[in-house]
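In this text, all values refer to a predicted model and were calculated from it rather than measured experimentally.
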Amino acid sequence: MTANSQDGGARRDADRIARTAKRLKGLYTAVVYDIMDELGLPNQCLDLAIRPLDRSMQVAGPAYTVMAAPDMRERSEMPTNAKLADFGVFTHMYPGCVAVVGAAGERQSGIWGELMSNASRARGATAVVIDGGIRDGRLVREIDGLSVFARYTSPIESLRRSRIHDLEVPISMSGSLSSQVRVNPGDWVFGDGDGVLVIPEEALEEVLAKSEEAKDIEDKVREEVQSGIPVADVYAKYGRL
C-alpha cells in the first residue's frame, strides 16, 4: 500500500467518523438509551457522576482507551513502556476519537489537565471522558472543539498519585446500573448533559438507525401534544410518550 493510499484511507475513516458523530449529536442520550434497553443493552450508562464541564457539551466518537491507576512511584521507578514512550498517549490518537480514561477508583488528583487536553485536541481528539478528575477546568473549557466529561475537578497533581499504564486496551469505567462498564477500543461513546453511554461497536449501526426512527416519532408526539391534541390520543397513535 502506498503512502497516498494510506492517507486516503485515513481521510475516508475520519470522514466516516465525522458523519457518524454528527448523526449521534442530532439525538439525545435518553432516546438512545431507550433503544439500547430494548436491544438488551441496559447496562451501558456510565456513572451519572461523570458530567460535562459545561452542560452544553456533547461527546460522540470512537473510544481511544486509556488505562490509568493509582501509582505512588516516581518516574525513575517506572519500567519502560513502548506504547507510552515519546508521548505515545497522544501520538496514537486519531481524528474524531474520544479519549476515555479509566482511573481505577482514584478520587483525589487530576489525571488529565489543560495541556494534555490541548495536546489531545491537536491530534484530532474531539472529547475526553474521565472516570476520575481533571485539572485546569476553566482553561479546558476554553479549548475550541473539545468536550470534557469528568467525575470531578481537582488542583492536585497526579505525579506520585496516579499514572497512565496502557493504551488502546479494554478498560473498566464505573457504571450507573452496573458496577462496571467495559469499554473496548473503537466502541462509540455518546454523552450530553444527562449522562454518557457506551455503544458497542458491533451494535452501533442498529442503535443509531433505530434511535433516529424513535426521535422522529418523539418529534411528532411533541408537536401534536403542543398543538393541544389529548395525550391519550397521541399515545394511542404512536405508542410513545
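- Every residue was checked against the side-chain hydrogen bond (donor to acceptor under 3.5 Å, both in side chains) condition with Tyr33, not counting sequence neighbours, and none meets it.
- In this structure, CD1 on Ile229 lies 4.0 Å from CD on Glu224, to the nearest 0.5 angstrom.
- In terms of modelled atom types and a separation under 3.5 Å, the side chain of Gln180 and the main chain of Ser174 share no donor-acceptor contact.
- A donor-acceptor distance shorter than 3.5 angstrom exists from the side chain of Asp192 to the backbone of Thr29, with no hydrogens or angles considered.
- Screening residues 106-130 for salt bridge (charged side-chain N to carboxylate O under 4.0 Å, His left out), with sequence neighbours left out, gives Arg107-Asp131.
- Looking at Asp187, its side chain does come within 3.5 Å of a backbone N or O of Glu201 through a donor-acceptor pair.
- Residues satisfying the side-chain hydrogen bond (donor to acceptor under 3.5 Å, both in side chains) test with Ser179, not counting sequence neighbours, are none.
- Side chain of Tyr64 to main chain of Gly186: no donor-acceptor pair is present (N/O by atom type, distance under 3.5 Å, no hydrogens or angles).
- No side-chain donor-acceptor contact under 3.5 Å links Thr65 to the backbone of Leu167.
- A distance of 8.0 Å separates SG in Cys97 from CD1 in Ile17, rounded to the nearest 0.5 Å.
- Surrounding OH of Tyr235 are at most 12 heavy atoms belonging to other residues, nucleotides or ligands under 6.0 Å away.
- A search for salt bridge (Lys or Arg N to Asp or Glu O under 4.0 Å) contacts involving Asp47 returns Arg151, not counting sequence neighbours.
- Thr153 OG1 to Arg141 CZ: the interatomic distance, rounded to the nearest 0.5 Å, is 8.0 Å.
- Remark: Glu205 pairs with no residue by the salt bridge (Lys or Arg N to Asp or Glu O under 4.0 Å) rule, at least two apart or across chains.
- To the nearest 0.5 Å, the span separating CG on Asn184 from CD1 on Ile171 amounts to 9.5 Å.
- Residues satisfying the side-chain hydrogen bond (donor to acceptor under 3.5 Å, both in side chains) test with Asp34, not counting sequence neighbours, are Arg240.
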